[in-house]
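Working notes for the structure below.
Computation of the quantities below employed the complete heavy-atom set of this structure, encompassing side-chain atoms and omitting hydrogens, waters and symmetry-equivalent molecules.
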Amino acid sequence: MSAVLAGLFFATALLYASVGFGGGSTYNALLVLNGTDYRVLPAIALICNMIVVSGGVWRFARAGYVSLQRLAPFLVASVPAAWIGGRIPISETLFVSLLGLSLLAAGTRLLFEQEPQSAPDGVARSYHWGAAAAVGGAIGLLAGLVGIGGGIFLAPVLYFWRWGTPRQIAGAASVFILVNSAAGLAGQAAKLNELSLLPALSEYWPLFPAVLIGGQIGSYLGSERISPVWVKRLTAALILYVAVRLLYRWAGMMGWF
């Protein structure tokens, strides 16, 4: 594993943490482009995800912005779905296509994101409990399959439903990422153990302190020093660049050129 890859993970963690996310999708993409065995890279990305968002969860919870009771409808389906997704073996072609499309959606969302509307006077737009569970389950399954936390997809849904204030939604997304990353990692670890690939994770240990440091710096910069809008645009540009690289690779795997 190269020092360049660790540096890229550091930069990714810094950027994502500054806008309240973990970076799992981009960690995966960087590992794919690095030539890492696609079967082990979701587990690496999920570990990095958990490291980056843990600090955010602690800060949001300490400030009173986390309500597990209100988030429960999304988690009740997403946690088992993330575990199931982590357990499902998929082909490299399907993995790269899902990851590339996820990055494309996430990058586009960040690039064109407008100023969110929060719940006025703390009153959220009504939504059905079952709808929340369905959304959580769908995101959780995708999270487990490709090694992401899913917060970047949950956040716009919560804004649409005017679920809470921006800080409450950021706190909810951080918890969602942490919990689903843990569930997806459990499924991925069980699958890797069956394939005798679990020991292969150890050679990537330098990535973990890299994202820890980058995540802490990103959280500080995002909250204290730089414009969130500027950071979102820069993060979106990074995501979209990597998405195009992945989809180009996928097209080659499909024999389209």
Quiz item: Between atom CZ of Phe153 and atom OG of Ser25, what is the distance when rounded to the nearest 0.5 Å?
Solution: 7.0 Å
Quiz item: Are the side chains of Asp37 and Val40 in touch, meaning some heavy atoms are under 4.5 Å apart?
Solution: yes
Self-check item: Closest heavy-atom pair and its distance - Gly136, Ser78
Solution: O-CB, 3.0 Å
Exercise. Consider only side-chain heavy atoms of I, L, V, M, F, W and Y, link residues closer than 4.5 Å, and tell whether Leu247 and Val244 are in one cluster.
Key: no
Quiz item: Can you tell me if Asn49 uses its side chain to pair, donor with acceptor, with the backbone of Gly24 under 3.5 Å?
Solution: yes
Self-check item: Min side-chain heavy-atom separation Leu240-Leu103 under 4.5 Å
Solution: no
Practice problem: Could you tell me the separation between the CG atom of Leu99 and the CG atom of Leu142, rounded to the nearest 0.5 Å? | Solution: 9.0 Å
Quiz prompt | Whether Thr108 side chain and Ala105 backbone form a donor-acceptor pair below 3.5 Å | solution = no
Practice problem: Drop me the distance from Ile177's CD1 to Met50's CE, to the nearest 0.5 angstrom. | Solution: 12.0 Å
Self-check item: Heavy-atom check, side chain of Tyr204 versus side chain of Leu41, under 4.5 Å
Solution: no
Quiz item: Counting N and O atoms only, with roles assigned by atom type, does the side chain of Gln188 sit under 3.5 Å from a partner on the main chain of Gly144, one being a donor and the other an acceptor?
Solution: yes
Self-check item: Heavy-atom pair of closest approach, residues Gly137 and Ala81
Solution: O-CB, 3.3 Å
Quiz item: In Å and rounded to the nearest 0.5 Å, what is the CD1 to CG distance from Ile88 to Leu141?
Solution: 5.5 Å
Self-check item: Validation row: Trp83, Val79 side chains within 4.5 angstrom (heavy atoms)
Solution: no
Quiz item: What's the spacing between Leu158 CG and Thr165 OG1 if we round to 0.5 Å?
Solution: 11.0 Å
Quiz item: Side chains of Ile84 and Arg87: closer than 4.5 Å at any heavy-atom pair?
Solution: no
Quiz item: Going through the distances and angles, do Leu14 and Phe10 end up as a side chain to side chain contact (heavy atoms under 4.5 Å, CB included)?
Solution: CA-CA 6 Å; Leu14 190 154; Phe10 167 85; 4.1 Å; yes
Quiz item: Considering all heavy atoms of both residues, which atom of Ala45 and which atom of Gly147 are nearest to each other, and what is their separation?
Solution: CB-O, 3.7 Å
Quiz item: Under the criterion side-chain contact (heavy atoms from CB on, under 4.5 Å), which of Ile213, Leu46, Val211 is the partner of Ile51?
Solution: Val211
Quiz item: OG1/Thr93 to OH/Tyr38 distance, rounded to the nearest 0.5 angstrom?
Solution: 8.5 Å
Self-check item: Sidechain-backbone polar pair: Thr36 side chain, Leu31 backbone, donor-acceptor under 3.5 Å
Solution: yes
Exercise. Tell me whether Leu71 is reachable from Trp58 by hopping between hydrophobic residues (I, L, V, M, F, W, Y) whose side-chain heavy atoms are closer than 4.5 Å.
Key: no
Quiz item: Which heavy atom in Gly23 sits nearest to a heavy atom in Thr12, and how many Å separate them?
Solution: O-CG2, 4.2 Å
Practice problem: Just do the side chain to side chain contact (heavy atoms under 4.5 Å, CB included) check on Leu192 and Leu201 with the steps written out, would you? | Solution: CA-CA 10 Å; Leu192 291 178; Leu201 297 178; 4.3 Å; yes
Self-check item: Minimum heavy-atom distance between Val52 and Ala17, given as atom pair plus value
Solution: CG1-CB, 3.9 Å
Quiz item: Does any N or O in the side chain of Arg70 come within less than 3.5 Å of the main-chain N or O of Trp163, such that one atom is a donor and the other an acceptor?
Solution: yes
Exercise. Start with the C-alpha gap between Ile239 and Tyr16, add the side-chain angles, then the distance that decides, and say whether side chain to side chain contact (heavy atoms under 4.5 Å, CB included) holds.
Key: CA-CA 10 Å; Ile239 295 172; Tyr16 273 87; 3.0 Å; yes
Practice problem: Determine whether Phe95 and Pro42 make a side-chain contact, defined as any pair of heavy atoms from C-beta on separated by less than 4.5 Å. | Solution: yes
Exercise. State, to 0.1 Å, how close Val175 and Val57 come at their nearest heavy-atom pair, and which atoms those are.
Key: N-CG2, 3.8 Å
Quiz item: Would you find a donor on one side and an acceptor on the other, under 3.5 Å apart, between the side chain of Asn180 and the backbone of Gly150?
Solution: no
Quiz item: So Phe9 and Tyr27, would you call those rings parallel, tilted or perpendicular, with 30° and 60° as cut-offs?
Solution: parallel
Exercise. Using a 4.5 Å cut-off on heavy atoms from C-beta on, say whether the side chain of Leu30 contacts that of Thr26.
Key: yes
Quiz item: Does the ring center of Phe74 lie less than 6.0 Å from the ring center of Phe176?
Solution: no
Quiz item: Judged by atom type as modelled, is there a donor-acceptor pair below 3.5 Å linking the side chain of Arg249 to the main-chain atoms of Val32?
Solution: yes
Quiz item: Taking side chain as C-beta onward, heavy atoms only, is Trp129 less than 4.5 Å from Val76?
Solution: yes
Quiz item: Between the side chain of Ser181 and the main-chain N/O of Leu178, is any donor-acceptor distance below 3.5 Å?
Solution: no
